[in-house]
Amino acid sequence: MKKILCIDIGNSNIVFGISSLDPKDFKFLHFRLNTNHFITIDEVSLNLFNILNYFSIKPKEISKVVISSVVPEVDVQFNYGINNLIGVEPKFIKPHEIPIKVNYKNFLEIGSDRLVDAYASKVLYGDNCIVVDTGTATTVDVVINGVYEGGVIMPGIQTSLYAIFQKA
């Protein structure tokens with residue numbers, strides 16, 4: 001059974017999601033690693049091999065790889081590491097490729113992670129959503145009538161605690 005590997009590369013964590021491409025066999029497996037901004041190609045391959053092995057999935061079972069990344073300095077390593085292990089060229093999602101209408105002045109200021117979250121929320125929960133994502137930053141985004149209207153970025157919980165600890 002062919003599977004799709006989805007990867008969300010964030011500043012704090014990298015989340016791997018694996019699902020069957022057959023809706024009748026839908027299971028979503030996920031795994032989370034700390035983001036290493038200095039990761040090597042070999043480390044990407046080894047981490048991915050171990051994650052797939054953990055779920056008893058062979059690399060040849062993965063037929064598609066989709067990545068949303070806000071850490072461009074590791075994109076090349078992920079591209080080659082995945083290609084080396086699986087033999088599949090990963091598709092890095094760009095904000096303009098996400099099928100959601102955006103009512104925002106400067107489209108290039110919005111990370112693909114936020115638009116992917118907004119689009120997924122719209123698909124799963126309807127045309128009116130508030131999307132909260134916590135990590136290094138906490139983002140709150142709004143979808144009204146199926147249109148991404150914008151949102152806010154605030155320090156995440158750990159970031160805020162660290163700042164208070166350093167200044168108090």
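- No more than 12 heavy atoms of other residues, nucleotides or ligands lie within 6.0 Å of OH in Tyr80, so this atom counts as exposed by the packing criterion.
- Other residues, nucleotides and ligands place no more than 12 heavy atoms under 6.0 Å from the CD1 atom of Ile157.
- Two residues are said to be in side-chain contact when any heavy atoms from C-beta on lie closer than 4.5 Å; Pro90 and Ile82 meet this criterion.
- The two residues Cys129 and Ser121 come nearest to each other via the heavy atoms SG-O, 3.5 Å.
- Under the 4.5 Å side-chain criterion, counting only non-hydrogen atoms from C-beta, Val76 is not in contact with Val74.
- Taking every heavy atom of both residues into account, Pro59 and Leu52 meet most closely at CA-CD1, 3.9 Å.
- Hydrophobic clustering, with ILVMFWY side chains joined whenever heavy atoms are under 4.5 angstrom apart, groups Ile67 together with Ile39.
- Note that CZ of Phe92 and OG of Ser69 are 6.5 Å apart. Values are rounded to the nearest 0.5 Å.
- Listed by chain and number, the hydrophobic cluster partners of Ile130 are Val132, Val140, Val152, Met154, where partners are ILVMFWY side chains within reach of under 4.5 Å, directly or through others.
- For residues 78-102, the pairs satisfying salt bridge (Lys or Arg N to Asp or Glu O under 4.0 Å) are Lys91-Glu97, with sequence neighbours left out.
- Listed here is the closest heavy atom pair of Val131 and Ala118: CG2-CA, 4.2 Å.
- Closest of all the heavy-atom pairs between Asn145 and Asn128 is N-OD1, 2.7 Å.
- Rounded to the nearest 0.5 angstrom, Ser19 OG and Leu29 CG are separated by 8.0 Å.
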Problem set entry | side-chain contact (heavy atoms from CB on, under 4.5 Å) evaluation trace for Val88 with Asn83 | CA-CA 5 Å; Val88 170; Asn83 214 326; 5.9 Å; no
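- Across all non-hydrogen atoms, the minimal contact from Ile41 to Asn84 is CG2-ND2, 3.5 Å.
- Distance check, rounded to the nearest 0.5 Å: CD of Glu61 to CD1 of Ile86 gives 10.5 Å.
- For the pair Asp8/Ile14, no side-chain contact is recorded, criterion being any heavy-atom separation below 4.5 Å from C-beta on.
- Val102 and Val123 fall within a single hydrophobic cluster, where Ile, Leu, Val, Met, Phe, Trp and Tyr are joined by side-chain heavy atoms under 4.5 Å apart, directly or via other members.
- A salt bridge (Lys or Arg N to Asp or Glu O under 4.0 Å) check over residues 123-148, counting only residues at least two apart or in different chains, returns the pairs Arg114-Asp141.
- Remark: Lys60 pairs with Lys58 by the side-chain contact (heavy atoms from CB on, under 4.5 Å) rule, at least two apart or across chains.
- Residue pairs meeting the ring-ring contact (aromatic ring centres under 6.0 Å, His included) criterion with at least one member in residues 116-159, sequence neighbours excluded, do not occur.
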For this session: Apply the test side-chain contact (heavy atoms from CB on, under 4.5 Å) to residues Val70 and Ile9: give CA-CA distance (whole Å), side-chain angles for both, the deciding distance (0.1 Å), then the verdict.
Result: CA-CA 6 Å; Val70 296; Ile9 303 174; over 6 Å; no
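- Residue Phe16 is grouped with residue Val71 when hydrophobic side chains (ILVMFWY) are merged at heavy-atom distances under 4.5 angstrom, including chains of intermediate members.
- Sorted pairs that involve residues 158-168 and meet side-chain hydrogen bond (donor to acceptor under 3.5 Å, both in side chains), not counting sequence neighbours, are lacking altogether.
- Paired with Leu48 under the rule side-chain contact (heavy atoms from CB on, under 4.5 Å), one option of Leu33, Asn53, Leu5 passes, and it is Leu5.
- Listed for the Thr35 side chain is a donor-acceptor partner under 3.5 Å among the backbone atoms of Gly10.
- Shown here are the salt bridge (charged side-chain N to carboxylate O under 4.0 Å, His left out) partners of Glu43, two or more places apart in sequence or in another chain: there are none.
- Among pairs with a residue in residues 155-165, none fulfils salt bridge (Lys or Arg N to Asp or Glu O under 4.0 Å), at least two apart in sequence or across chains.
- Note: Ile7 CD1 to Ser68 OG = 10.5 Å, rounded to the nearest 0.5 Å.
- Ile98 and Ser112 get closest at one heavy-atom pair: CD1-O, 3.7 Å.
- Put simply, Ile100 and Val142 are part of two different groups of oily side chains (I, L, V, M, F, W, Y) that touch within less than 4.5 Å, one to the next.
- Put simply, the side chain of Glu149 does not reach to within 4.5 Å of the side chain of Val143, judged on heavy atoms.
- By the salt bridge (charged side-chain N to carboxylate O under 4.0 Å, His left out) test, Asp113 pairs with no residue at all, sequence neighbours left out.
- Grouped by direct or indirect side-chain proximity (heavy atoms under 4.5 Å, Ile/Leu/Val/Met/Phe/Trp/Tyr only), Val15 sits alone.
- Annotation: ring-ring contact (aromatic ring centres under 6.0 Å, His included) contacts involving residues 49-73, sequence neighbours excluded, comprise Phe31-Tyr54.
- Under the 4.5 Å side-chain criterion, counting only non-hydrogen atoms from C-beta, Ile18 is not in contact with His30.
- The salt bridge (Lys or Arg N to Asp or Glu O under 4.0 Å) pairs that include a residue from residues 68-82 number zero, where partners must be two or more places apart or lie in different chains.
- Counting heavy atoms from C-beta on, the side chains of Ile93 and Val66 come closer than 4.5 Å.
- Using a 4.5 Å heavy-atom threshold, the side chains of Asp117 and Leu115 count as separate.
- Between Tyr104 and Glu109, some side-chain heavy-atom pair lies under the 4.5 Å cut-off.
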